[in-house]
Amino acid sequence: MIINKQHQFLASLIILFIVFATAIRAKLPTLVIAPENNTHFLQYFIYPFIAIALLSGLIFFRSWSSFKSTSDFKSILVFVLFAGTLLYKPLMMQTMVLFIAICAVYALITKSKPQIHQFYFFILIYIGYEVIGMLWSINREAGLHLLNKNIVLLLIPIAFGCLNIKADQKKLTMLILFRFCMIFVFAGLLSYLFQVTYVHESLLAGLKLNKNYLNIVLPNLTHYDLLLYWAYYTHPTFISFILSMTAIFGFYLYDDKSVVNNISIPELIVYIVSTMLLIIFLQSRLGMILFTLSTITGIIWSVRKHKKAFWAMLSALFISTVAGGALVLKYKSDYFFDEPRYRMFFRTMSYIKEHLLWGTGTGGMRNIIVEFANPHNQFYGEVLHLGIFGGAILVLMIGMLGYYSFREKSFLLIVFFASYCLLMMVEMPLQVQKGINYFAYFAFFLLPTDKKTKHSRINSQS
(Lines give C-alpha, C1' and ligand atoms only; values in the text may rest on other atoms or scores of the structure.)
Protein backbone atom coordinates (compact mmCIF):
# COMPACT_ATOMS: atom_id res chain seq x y z
CA MET A 1 0.00 0.00 0.00
CA ILE A 2 1.33 3.46 -0.92
CA ILE A 3 -0.51 5.01 2.04
CA ASN A 4 -0.22 3.48 5.51
CA LYS A 5 -3.55 2.06 6.71
CA GLN A 6 -3.47 4.37 9.73
CA HIS A 7 -3.44 7.38 7.38
CA GLN A 8 -5.97 6.21 4.79
CA PHE A 9 -8.90 8.06 6.36
CA LEU A 10 -6.93 11.32 6.51
CA ALA A 11 -5.68 10.89 2.94
CA SER A 12 -9.16 10.18 1.61
CA LEU A 13 -10.55 13.25 3.40
CA ILE A 14 -7.85 15.55 2.01
CA ILE A 15 -8.35 14.22 -1.54
CA LEU A 16 -12.13 14.66 -1.21
CA PHE A 17 -11.65 18.21 0.05
CA ILE A 18 -9.38 19.06 -2.90
CA VAL A 19 -11.95 17.70 -5.37
CA PHE A 20 -14.82 19.73 -3.87
CA ALA A 21 -12.65 22.84 -3.46
CA THR A 22 -11.62 22.64 -7.11
CA ALA A 23 -15.24 22.23 -8.17
CA ILE A 24 -16.27 25.31 -6.15
CA ARG A 25 -13.49 27.48 -7.56
CA ALA A 26 -14.19 26.34 -11.12
CA LYS A 27 -17.98 26.07 -11.17
CA LEU A 28 -19.22 28.80 -8.81
CA PRO A 29 -18.05 31.80 -10.90
CA THR A 30 -20.08 30.48 -13.85
CA LEU A 31 -23.32 30.33 -11.85
CA VAL A 32 -25.81 33.13 -11.28
CA ILE A 33 -26.98 32.86 -7.66
CA ALA A 34 -29.18 35.53 -6.09
CA PRO A 35 -28.03 36.61 -2.60
CA GLU A 36 -31.18 35.23 -0.99
CA ASN A 37 -30.35 31.79 -2.45
CA ASN A 38 -26.72 31.88 -1.36
CA THR A 39 -26.94 29.79 1.81
CA HIS A 40 -29.33 27.27 0.31
CA PHE A 41 -27.06 26.71 -2.68
CA LEU A 42 -24.11 26.24 -0.30
CA GLN A 43 -25.85 23.18 1.11
CA TYR A 44 -25.67 21.48 -2.30
CA PHE A 45 -21.89 21.42 -1.89
CA ILE A 46 -21.62 20.71 1.84
CA TYR A 47 -24.07 17.86 2.43
CA PRO A 48 -22.66 15.62 -0.35
CA PHE A 49 -19.15 16.30 0.95
CA ILE A 50 -20.11 15.23 4.50
CA ALA A 51 -21.98 12.15 3.25
CA ILE A 52 -19.08 10.95 1.08
CA ALA A 53 -16.56 11.72 3.84
CA LEU A 54 -18.57 9.63 6.30
CA LEU A 55 -18.73 6.77 3.81
CA SER A 56 -14.97 6.95 3.36
CA GLY A 57 -14.68 6.81 7.12
CA LEU A 58 -16.71 3.62 7.18
CA ILE A 59 -14.23 2.12 4.73
CA PHE A 60 -10.92 3.37 6.08
CA PHE A 61 -11.60 3.87 9.79
CA ARG A 62 -11.49 0.20 10.72
CA SER A 63 -12.98 0.67 14.19
CA TRP A 64 -16.26 1.76 12.56
CA SER A 65 -16.73 -1.67 11.04
CA SER A 66 -16.50 -3.52 14.36
CA PHE A 67 -19.60 -2.30 16.20
CA LYS A 68 -21.02 -5.70 16.99
CA SER A 69 -20.83 -5.97 20.78
CA THR A 70 -22.77 -4.13 23.49
CA SER A 71 -19.57 -2.28 24.35
CA ASP A 72 -19.27 -0.85 20.84
CA PHE A 73 -22.98 -0.01 20.81
CA LYS A 74 -22.50 2.18 23.87
CA SER A 75 -19.58 3.99 22.25
CA ILE A 76 -21.42 4.83 19.05
CA LEU A 77 -24.58 5.80 20.97
CA VAL A 78 -22.67 8.44 22.94
CA PHE A 79 -20.94 9.59 19.75
CA VAL A 80 -24.34 10.13 18.10
CA LEU A 81 -25.34 12.29 21.07
CA PHE A 82 -22.31 14.56 20.56
CA ALA A 83 -22.51 14.54 16.76
CA GLY A 84 -26.23 15.31 16.73
CA THR A 85 -25.53 18.44 18.75
CA LEU A 86 -22.63 19.56 16.58
CA LEU A 87 -23.64 18.75 13.02
CA TYR A 88 -27.19 20.01 12.68
CA LYS A 89 -28.69 22.27 15.33
CA PRO A 90 -32.40 21.47 14.70
CA LEU A 91 -31.67 17.82 15.60
CA MET A 92 -29.99 18.72 18.91
CA MET A 93 -32.95 18.11 21.22
CA GLN A 94 -34.39 15.20 19.22
CA THR A 95 -31.04 13.41 19.42
CA MET A 96 -30.88 14.04 23.16
CA VAL A 97 -34.39 12.69 23.76
CA LEU A 98 -33.62 9.59 21.67
CA PHE A 99 -30.38 9.04 23.62
CA ILE A 100 -32.16 9.25 26.98
CA ALA A 101 -34.91 6.90 25.82
CA ILE A 102 -32.43 4.27 24.56
CA CYS A 103 -30.44 4.49 27.81
CA ALA A 104 -33.62 3.98 29.85
CA VAL A 105 -34.63 0.96 27.76
CA TYR A 106 -31.12 -0.47 28.10
CA ALA A 107 -31.29 -0.12 31.90
CA LEU A 108 -34.69 -1.86 31.99
CA ILE A 109 -33.53 -4.74 29.78
CA THR A 110 -30.30 -5.30 31.70
CA LYS A 111 -32.00 -4.57 35.05
CA SER A 112 -29.07 -2.35 35.97
CA LYS A 113 -29.20 0.43 38.54
CA PRO A 114 -27.89 3.80 37.26
CA GLN A 115 -24.45 4.65 38.66
CA ILE A 116 -24.37 8.44 38.93
CA HIS A 117 -21.40 10.45 40.14
CA GLN A 118 -21.99 12.41 43.35
CA PHE A 119 -21.42 15.68 41.46
CA TYR A 120 -25.08 15.25 40.45
CA PHE A 121 -26.04 16.35 43.97
CA PHE A 122 -24.63 19.83 43.29
CA ILE A 123 -26.52 19.98 40.00
CA LEU A 124 -29.70 19.38 41.98
CA ILE A 125 -28.84 22.20 44.38
CA TYR A 126 -28.22 24.58 41.47
CA ILE A 127 -31.48 23.75 39.70
CA GLY A 128 -33.37 23.63 43.01
CA TYR A 129 -32.46 27.23 43.74
CA GLU A 130 -33.61 28.21 40.25
CA VAL A 131 -36.98 26.64 41.08
CA ILE A 132 -37.11 28.63 44.31
CA GLY A 133 -36.14 31.77 42.36
CA MET A 134 -39.43 31.51 40.49
CA LEU A 135 -41.12 32.90 43.64
CA TRP A 136 -39.75 36.42 43.05
CA SER A 137 -39.14 36.29 39.30
CA ILE A 138 -40.04 39.42 37.36
CA ASN A 139 -40.48 37.29 34.22
CA ARG A 140 -41.92 33.89 35.11
CA GLU A 141 -42.53 32.90 31.50
CA ALA A 142 -38.80 33.22 30.77
CA GLY A 143 -38.11 31.45 34.06
CA LEU A 144 -40.21 28.45 33.06
CA HIS A 145 -38.42 28.39 29.72
CA LEU A 146 -35.05 28.24 31.49
CA LEU A 147 -36.21 25.45 33.80
CA ASN A 148 -37.36 23.53 30.72
CA LYS A 149 -33.85 23.86 29.24
CA ASN A 150 -32.32 22.56 32.47
CA ILE A 151 -34.19 19.26 32.21
CA VAL A 152 -31.09 18.19 30.26
CA LEU A 153 -28.99 18.65 33.41
CA LEU A 154 -31.40 16.42 35.31
CA LEU A 155 -31.72 13.60 32.77
CA ILE A 156 -28.36 13.31 30.97
CA PRO A 157 -26.44 12.27 34.13
CA ILE A 158 -29.00 9.53 34.73
CA ALA A 159 -28.72 8.40 31.10
CA PHE A 160 -24.93 8.15 31.34
CA GLY A 161 -25.39 6.35 34.67
CA CYS A 162 -27.61 3.78 32.95
CA LEU A 163 -24.94 3.05 30.35
CA ASN A 164 -22.08 2.92 32.89
CA ILE A 165 -19.56 3.17 30.06
CA LYS A 166 -16.01 2.10 30.81
CA ALA A 167 -12.72 3.79 29.91
CA ASP A 168 -12.12 1.82 26.70
CA GLN A 169 -15.63 2.62 25.47
CA LYS A 170 -15.07 6.32 26.19
CA LYS A 171 -11.82 6.25 24.26
CA LEU A 172 -13.55 4.70 21.24
CA THR A 173 -16.22 7.43 21.41
CA MET A 174 -13.52 10.12 21.52
CA LEU A 175 -11.71 8.52 18.59
CA ILE A 176 -14.80 8.57 16.38
CA LEU A 177 -15.74 12.08 17.54
CA PHE A 178 -12.26 13.40 16.72
CA ARG A 179 -12.43 12.17 13.14
CA PHE A 180 -16.01 13.27 12.75
CA CYS A 181 -15.06 16.79 13.89
CA MET A 182 -12.30 16.78 11.30
CA ILE A 183 -14.99 16.23 8.64
CA PHE A 184 -17.00 19.07 10.19
CA VAL A 185 -14.00 21.41 10.09
CA PHE A 186 -13.23 20.60 6.45
CA ALA A 187 -16.89 21.24 5.62
CA GLY A 188 -16.57 24.64 7.32
CA LEU A 189 -13.47 25.43 5.26
CA LEU A 190 -15.37 24.53 2.09
CA SER A 191 -18.11 26.95 3.20
CA TYR A 192 -15.50 29.67 3.59
CA LEU A 193 -14.10 28.90 0.14
CA PHE A 194 -17.61 29.05 -1.31
CA GLN A 195 -18.37 32.45 0.23
CA VAL A 196 -15.12 34.22 -0.65
CA THR A 197 -15.47 32.91 -4.19
CA TYR A 198 -19.09 34.11 -4.32
CA VAL A 199 -18.15 37.69 -3.32
CA HIS A 200 -14.91 37.64 -5.36
CA GLU A 201 -12.73 38.14 -2.29
CA SER A 202 -9.16 37.00 -1.77
CA LEU A 203 -8.63 33.55 -0.25
CA LEU A 204 -6.93 35.37 2.64
CA ALA A 205 -9.88 37.68 3.33
CA GLY A 206 -10.81 35.92 6.55
CA LEU A 207 -7.38 36.51 8.12
CA LYS A 208 -7.97 40.25 8.56
CA LEU A 209 -9.52 40.12 12.07
CA ASN A 210 -12.52 41.88 10.59
CA LYS A 211 -15.93 40.60 11.64
CA ASN A 212 -17.55 41.79 8.40
CA TYR A 213 -15.10 40.71 5.73
CA LEU A 214 -17.84 39.01 3.64
CA ASN A 215 -19.66 41.77 1.81
CA ILE A 216 -23.03 40.06 1.36
CA VAL A 217 -26.28 41.82 2.22
CA LEU A 218 -28.63 39.20 3.65
CA PRO A 219 -31.32 39.88 6.28
CA ASN A 220 -30.53 38.68 9.81
CA LEU A 221 -27.31 36.91 8.77
CA THR A 222 -23.72 37.67 9.72
CA HIS A 223 -20.37 36.27 8.57
CA TYR A 224 -20.54 33.15 10.73
CA ASP A 225 -24.10 32.44 9.61
CA LEU A 226 -22.79 32.39 6.05
CA LEU A 227 -20.11 29.85 6.95
CA LEU A 228 -22.18 27.57 9.20
CA TYR A 229 -25.69 28.03 7.83
CA TRP A 230 -25.72 24.42 6.64
CA ALA A 231 -25.49 23.34 10.31
CA TYR A 232 -27.96 26.07 11.39
CA TYR A 233 -25.60 27.54 13.98
CA THR A 234 -25.82 31.26 14.73
CA HIS A 235 -22.88 31.63 17.09
CA PRO A 236 -19.27 30.47 16.60
CA THR A 237 -18.26 30.46 20.28
CA PHE A 238 -19.86 27.14 21.15
CA ILE A 239 -18.56 25.53 17.97
CA SER A 240 -15.06 26.69 18.93
CA PHE A 241 -15.51 25.24 22.40
CA ILE A 242 -16.40 21.74 21.24
CA LEU A 243 -13.67 21.77 18.57
CA SER A 244 -11.13 22.76 21.24
CA MET A 245 -12.25 19.92 23.50
CA THR A 246 -12.00 17.51 20.58
CA ALA A 247 -8.41 18.65 19.99
CA ILE A 248 -7.65 17.70 23.61
CA PHE A 249 -9.24 14.30 22.94
CA GLY A 250 -6.85 13.94 20.01
CA PHE A 251 -3.76 14.62 22.14
CA TYR A 252 -5.04 12.25 24.82
CA LEU A 253 -5.63 9.43 22.33
CA TYR A 254 -2.28 10.00 20.63
CA ASP A 255 -0.58 9.61 24.02
CA ASP A 256 -2.59 6.47 24.88
CA LYS A 257 -1.01 3.68 22.83
CA SER A 258 -3.61 1.17 24.07
CA VAL A 259 -6.18 2.54 21.64
CA VAL A 260 -6.55 0.49 18.46
CA ASN A 261 -6.09 2.64 15.35
CA ASN A 262 -5.17 5.60 17.55
CA ILE A 263 -4.60 9.20 16.48
CA SER A 264 -1.40 9.87 14.53
CA ILE A 265 0.80 12.97 14.45
CA PRO A 266 -0.25 13.87 10.85
CA GLU A 267 -3.91 13.75 11.93
CA LEU A 268 -3.21 16.00 14.91
CA ILE A 269 -1.31 18.50 12.79
CA VAL A 270 -3.99 18.62 10.08
CA TYR A 271 -6.76 18.95 12.67
CA ILE A 272 -4.99 21.74 14.57
CA VAL A 273 -4.10 23.78 11.47
CA SER A 274 -7.49 23.37 9.76
CA THR A 275 -9.48 24.06 12.94
CA MET A 276 -7.48 27.16 13.77
CA LEU A 277 -8.10 28.44 10.26
CA LEU A 278 -11.84 27.81 10.57
CA ILE A 279 -12.01 29.56 13.96
CA ILE A 280 -10.19 32.59 12.52
CA PHE A 281 -12.51 32.63 9.50
CA LEU A 282 -15.46 32.50 11.92
CA GLN A 283 -13.87 35.46 13.75
CA SER A 284 -14.53 33.85 17.14
CA ARG A 285 -12.47 35.86 19.61
CA LEU A 286 -12.81 33.38 22.45
CA GLY A 287 -12.25 30.52 20.01
CA MET A 288 -8.87 31.91 18.96
CA ILE A 289 -7.74 32.15 22.58
CA LEU A 290 -9.28 28.88 23.75
CA PHE A 291 -8.05 26.77 20.85
CA THR A 292 -4.52 28.16 21.14
CA LEU A 293 -4.41 27.41 24.86
CA SER A 294 -5.94 23.95 24.30
CA THR A 295 -3.33 23.12 21.65
CA ILE A 296 -0.41 24.21 23.83
CA THR A 297 -1.90 22.34 26.80
CA GLY A 298 -2.21 19.20 24.67
CA ILE A 299 1.41 19.48 23.56
CA ILE A 300 2.56 19.94 27.16
CA TRP A 301 0.54 16.87 28.14
CA SER A 302 2.18 14.85 25.37
CA VAL A 303 5.73 15.74 26.48
CA ARG A 304 5.09 15.63 30.25
CA LYS A 305 7.41 12.62 30.68
CA HIS A 306 10.33 14.52 29.15
CA LYS A 307 11.37 17.16 31.69
CA LYS A 308 13.27 19.51 29.39
CA ALA A 309 10.56 19.51 26.73
CA PHE A 310 7.89 19.84 29.42
CA TRP A 311 9.40 22.97 30.96
CA ALA A 312 10.09 24.42 27.54
CA MET A 313 6.44 24.02 26.55
CA LEU A 314 5.25 25.30 29.92
CA SER A 315 7.34 28.40 29.31
CA ALA A 316 5.80 28.65 25.84
CA LEU A 317 2.34 28.53 27.42
CA PHE A 318 3.25 31.39 29.74
CA ILE A 319 4.75 33.45 26.91
CA SER A 320 1.77 32.81 24.63
CA THR A 321 -0.59 33.88 27.43
CA VAL A 322 1.33 37.13 27.89
CA ALA A 323 1.50 37.66 24.12
CA GLY A 324 -2.23 36.96 23.87
CA GLY A 325 -2.88 39.57 26.55
CA ALA A 326 -0.78 42.07 24.63
CA LEU A 327 -2.78 41.28 21.48
CA VAL A 328 -6.03 41.89 23.34
CA LEU A 329 -4.75 45.27 24.52
CA LYS A 330 -3.57 46.16 21.01
CA TYR A 331 -6.97 45.48 19.46
CA LYS A 332 -8.92 46.64 22.50
CA SER A 333 -10.88 49.38 20.78
CA ASP A 334 -12.01 47.64 17.64
CA TYR A 335 -11.93 43.87 17.99
CA PHE A 336 -11.59 42.12 21.35
CA PHE A 337 -13.69 44.69 23.23
CA ASP A 338 -16.95 46.11 22.02
CA GLU A 339 -19.46 48.71 23.12
CA PRO A 340 -22.42 46.31 23.64
CA ARG A 341 -20.49 44.35 26.27
CA TYR A 342 -19.66 47.57 28.12
CA ARG A 343 -23.35 48.48 28.16
CA MET A 344 -24.30 45.00 29.40
CA PHE A 345 -21.69 45.17 32.16
CA PHE A 346 -22.68 48.58 33.54
CA ARG A 347 -26.41 47.87 33.31
CA THR A 348 -25.88 44.58 35.15
CA MET A 349 -23.78 46.15 37.90
CA SER A 350 -26.25 48.98 38.33
CA TYR A 351 -29.09 46.51 38.96
CA ILE A 352 -26.97 44.27 41.22
CA LYS A 353 -26.18 47.21 43.54
CA GLU A 354 -29.87 47.65 44.26
CA HIS A 355 -30.87 43.95 44.29
CA LEU A 356 -27.81 42.15 45.65
CA LEU A 357 -29.65 39.58 47.78
CA TRP A 358 -32.27 38.21 45.39
CA GLY A 359 -31.61 39.54 41.88
CA THR A 360 -34.30 39.45 39.21
CA GLY A 361 -35.51 35.97 40.03
CA THR A 362 -35.39 33.05 37.60
CA GLY A 363 -35.71 34.30 34.02
CA GLY A 364 -35.97 37.94 35.06
CA MET A 365 -32.68 39.05 33.54
CA ARG A 366 -34.41 39.25 30.16
CA ASN A 367 -36.23 42.32 31.47
CA ILE A 368 -32.94 44.04 32.37
CA ILE A 369 -30.63 43.01 29.49
CA VAL A 370 -33.38 43.29 26.92
CA GLU A 371 -31.48 43.38 23.63
CA PHE A 372 -28.91 40.70 24.54
CA ALA A 373 -30.95 38.28 26.72
CA ASN A 374 -28.09 37.94 29.28
CA PRO A 375 -24.97 39.84 30.49
CA HIS A 376 -22.55 37.45 28.73
CA ASN A 377 -20.71 36.53 31.92
CA GLN A 378 -21.99 33.56 33.92
CA PHE A 379 -20.52 34.68 37.24
CA TYR A 380 -21.80 38.22 37.71
CA GLY A 381 -24.75 37.35 35.47
CA GLU A 382 -25.79 34.72 38.01
CA VAL A 383 -25.75 37.38 40.75
CA LEU A 384 -27.97 39.57 38.57
CA HIS A 385 -30.21 36.58 38.04
CA LEU A 386 -30.53 35.06 41.53
CA GLY A 387 -28.63 37.38 43.82
CA ILE A 388 -25.57 36.74 45.92
CA PHE A 389 -26.92 33.36 47.06
CA GLY A 390 -27.41 32.23 43.46
CA GLY A 391 -23.88 33.35 42.63
CA ALA A 392 -22.53 31.40 45.61
CA ILE A 393 -24.37 28.25 44.53
CA LEU A 394 -22.94 28.56 41.01
CA VAL A 395 -19.40 28.94 42.40
CA LEU A 396 -20.02 25.91 44.66
CA MET A 397 -21.18 23.76 41.73
CA ILE A 398 -18.34 24.77 39.42
CA GLY A 399 -15.83 24.55 42.26
CA MET A 400 -16.91 20.99 43.03
CA LEU A 401 -16.45 20.03 39.39
CA GLY A 402 -12.91 21.37 39.67
CA TYR A 403 -12.41 19.45 42.92
CA TYR A 404 -13.56 16.15 41.38
CA SER A 405 -11.42 16.79 38.30
CA PHE A 406 -8.26 17.04 40.38
CA ARG A 407 -9.33 14.29 42.78
CA GLU A 408 -9.81 11.89 39.89
CA LYS A 409 -6.48 13.06 38.42
CA SER A 410 -8.31 13.40 35.12
CA PHE A 411 -6.46 15.44 32.53
CA LEU A 412 -9.55 15.61 30.31
CA LEU A 413 -11.82 16.76 33.13
CA ILE A 414 -9.34 19.40 34.27
CA VAL A 415 -9.14 20.83 30.74
CA PHE A 416 -12.93 20.76 30.41
CA PHE A 417 -13.30 22.51 33.78
CA ALA A 418 -10.79 25.23 32.84
CA SER A 419 -12.22 25.66 29.32
CA TYR A 420 -15.81 25.95 30.56
CA CYS A 421 -14.76 28.50 33.19
CA LEU A 422 -13.16 30.54 30.40
CA LEU A 423 -16.35 30.20 28.37
CA MET A 424 -18.35 31.47 31.34
CA MET A 425 -16.19 34.61 31.46
CA VAL A 426 -17.55 35.84 28.11
CA GLU A 427 -20.89 34.02 27.79
CA MET A 428 -23.67 32.65 29.99
CA PRO A 429 -23.59 29.06 28.69
CA LEU A 430 -25.85 27.81 31.49
CA GLN A 431 -28.60 30.10 30.20
CA VAL A 432 -28.67 28.76 26.62
CA GLN A 433 -29.50 25.27 25.41
CA LYS A 434 -26.19 24.57 23.62
CA GLY A 435 -24.17 25.59 26.68
CA ILE A 436 -26.32 23.53 29.04
CA ASN A 437 -26.09 20.50 26.77
CA TYR A 438 -22.31 20.75 26.43
CA PHE A 439 -21.90 21.05 30.21
CA ALA A 440 -24.01 17.97 30.85
CA TYR A 441 -22.49 15.92 28.03
CA PHE A 442 -18.82 16.56 28.74
CA ALA A 443 -19.01 16.58 32.53
CA PHE A 444 -20.90 13.30 32.90
CA PHE A 445 -19.14 11.64 29.97
CA LEU A 446 -15.77 12.28 31.61
CA LEU A 447 -16.76 11.80 35.25
CA PRO A 448 -16.56 8.13 36.34
CA THR A 449 -20.04 6.63 36.56
CA ASP A 450 -18.91 4.55 39.53
CA LYS A 451 -16.13 6.02 41.65
CA LYS A 452 -15.38 2.58 43.12
CA THR A 453 -14.67 1.04 39.72
CA LYS A 454 -11.21 1.82 38.43
CA HIS A 455 -12.12 0.77 34.89
CA SER A 456 -14.72 3.54 34.64
CA ARG A 457 -12.11 6.25 35.22
CA ILE A 458 -10.21 8.12 32.53
CA ASN A 459 -7.28 9.68 34.29
CA SER A 460 -3.65 10.55 33.92
CA GLN A 461 -2.57 7.07 34.81
CA SER A 462 -4.55 5.23 32.12
Side-chain angles (χ1 to χ4, degrees), residues 7-21 24 42-43 45-57 60-61 79 82-89 173-196 203-207 223-254 263-295 298 419 434 438:
H7 301 144
Q8 284 180 354
F9 172 75
L10 177 62
S12 68
L13 184 59
I14 292 174
I15 293 171
L16 185 64
F17 176 83
I18 292 173
V19 170
F20 272 77
I24 288 174
L42 170 63
Q43 295 172 329
F45 284 94
I46 298 301
Y47 290 153
F49 170 79
I50 293 175
I52 297 172
L54 288 172
L55 287 175
S56 70
F60 295 118
F61 184 7
F79 158 71
F82 279 102
T85 301
L86 177 66
L87 179 59
Y88 189 67
K89 186 181 175 183
T173 297
M174 289 188 287
L175 181 64
I176 305 171
L177 181 63
F178 178 87
R179 287 174 172 151
F180 176 81
C181 283
M182 191 178 294
I183 295 174
F184 183 93
V185 169
F186 273 62
L189 293 178
L190 280 179
S191 300
Y192 169 80
L193 188 64
F194 178 95
Q195 296 299 358
V196 295
L203 290 178
L204 303 180
L207 301 178
H223 61 283
Y224 43 75
D225 291 309
L226 293 169
L227 265 60
L228 293 179
Y229 180 84
W230 51 271
Y232 288 88
Y233 272 95
T234 57
H235 205 299
T237 299
F238 293 98
I239 288 292
S240 299
F241 173 80
I242 196 171
L243 293 179
S244 297
M245 280 302 303
T246 308
I248 290 296
F249 287 172
F251 281 106
Y252 178 84
L253 293 172
Y254 166 74
I263 302 298
S264 65
I265 289 181
E267 279 185 289
L268 272 175
I269 293 174
V270 170
Y271 182 82
I272 290 168
V273 173
S274 59
T275 303
M276 193 63 196
L277 277 175
L278 178 61
I279 289 174
I280 292 174
F281 294 156
L282 289 170
Q283 301 287 291
S284 172
R285 294 168 291 189
L286 176 66
M288 295 175 196
I289 297 170
L290 182 58
F291 191 77
T292 299
L293 293 176
S294 296
T295 300
S419 299
K434 293 189 297 293
Y438 288 169

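One is the number of the first residue; the rest follow in order along the sequence. Keep in mind the model is a prediction, meaning the values are calculated, not measured.
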Are Ser240 and Leu290 packed together at the side-chain level, in the sense that at least one heavy-atom pair is separated by less than 4.5 angstrom?
no

Please verify the inter-ring angle class for Trp230 with Phe184; under 30° counts as parallel, over 60° as perpendicular, anything in between as tilted.
tilted

Is there side-chain contact between Leu10 and Pro266, with heavy atoms separated by less than 4.5 Å?
yes

Answer yes or no: is there a side-chain heavy-atom contact under 4.5 Å between Leu54 and Phe180?
yes

Phe49 side chain reached by Leu190 side chain, heavy atoms, under 4.5 Å
yes

Crowded around Tyr254 OH? As in, over 12 foreign heavy atoms under 6.0 Å?
no

Starting at CG of Leu13, measure out to CD1 of Ile52 and round the result to the nearest 0.5 Å.
11.5 Å

If we only count heavy atoms from C-beta on, is the Thr246 to Met182 side-chain gap below 4.5 Å?
no

How many angstroms lie between atom CD1 of Ile272 and atom CG of Leu243, to the nearest 0.5 angstrom?
12.5 Å

First locate atom OG1 of Thr237, then atom CZ of Phe241, and finally report the distance between them rounded to the nearest 0.5 Å.
11.5 Å

Under 30°, 30 to 60°, or over 60°: which ring-plane class applies to Phe291 and Tyr271, parallel, tilted or perpendicular?
tilted

Residue pair Leu189 / Ser274: nearest heavy atoms and the distance that separates them
CD1-CB, 3.8 Å

Output for pair (Ser294 OG, Met276 CE), nearest 0.5 Å, gives 10.5 Å

What one should report as the nearest heavy-atom pair of Val196 and Leu193 is CG2-O, 3.4 Å

If you define the side chain from C-beta out and look only at heavy atoms, does anything of Pro48 sit under 4.5 Å from Phe20?
yes

For the pair Tyr192 (side chain) and Leu203 (backbone), establish whether a donor and an acceptor sit closer than 3.5 Å, ignoring hydrogens and angles.
yes

d(Leu226 CG, Gln195 CD) to nearest 0.5 Å is 5.0 Å

Taking atom CG of Leu278 and atom OG of Ser191, what is their separation to the nearest 0.5 Å?
8.5 Å

Would you indicate whether the side-chain heavy atoms of Ile183 and Phe9 approach each other to under 4.5 Å?
yes

What heavy-atom pair brings Leu268 and Gly250 nearest, and what distance separates the two atoms?
CD2-C, 3.7 Å

When you look at Phe249 and Thr173, which way does the side chain to side chain contact (heavy atoms under 4.5 Å, CB included) test go after all the steps?
CA-CA 10 Å; Phe249 287 172; Thr173 297; over 6 Å; no

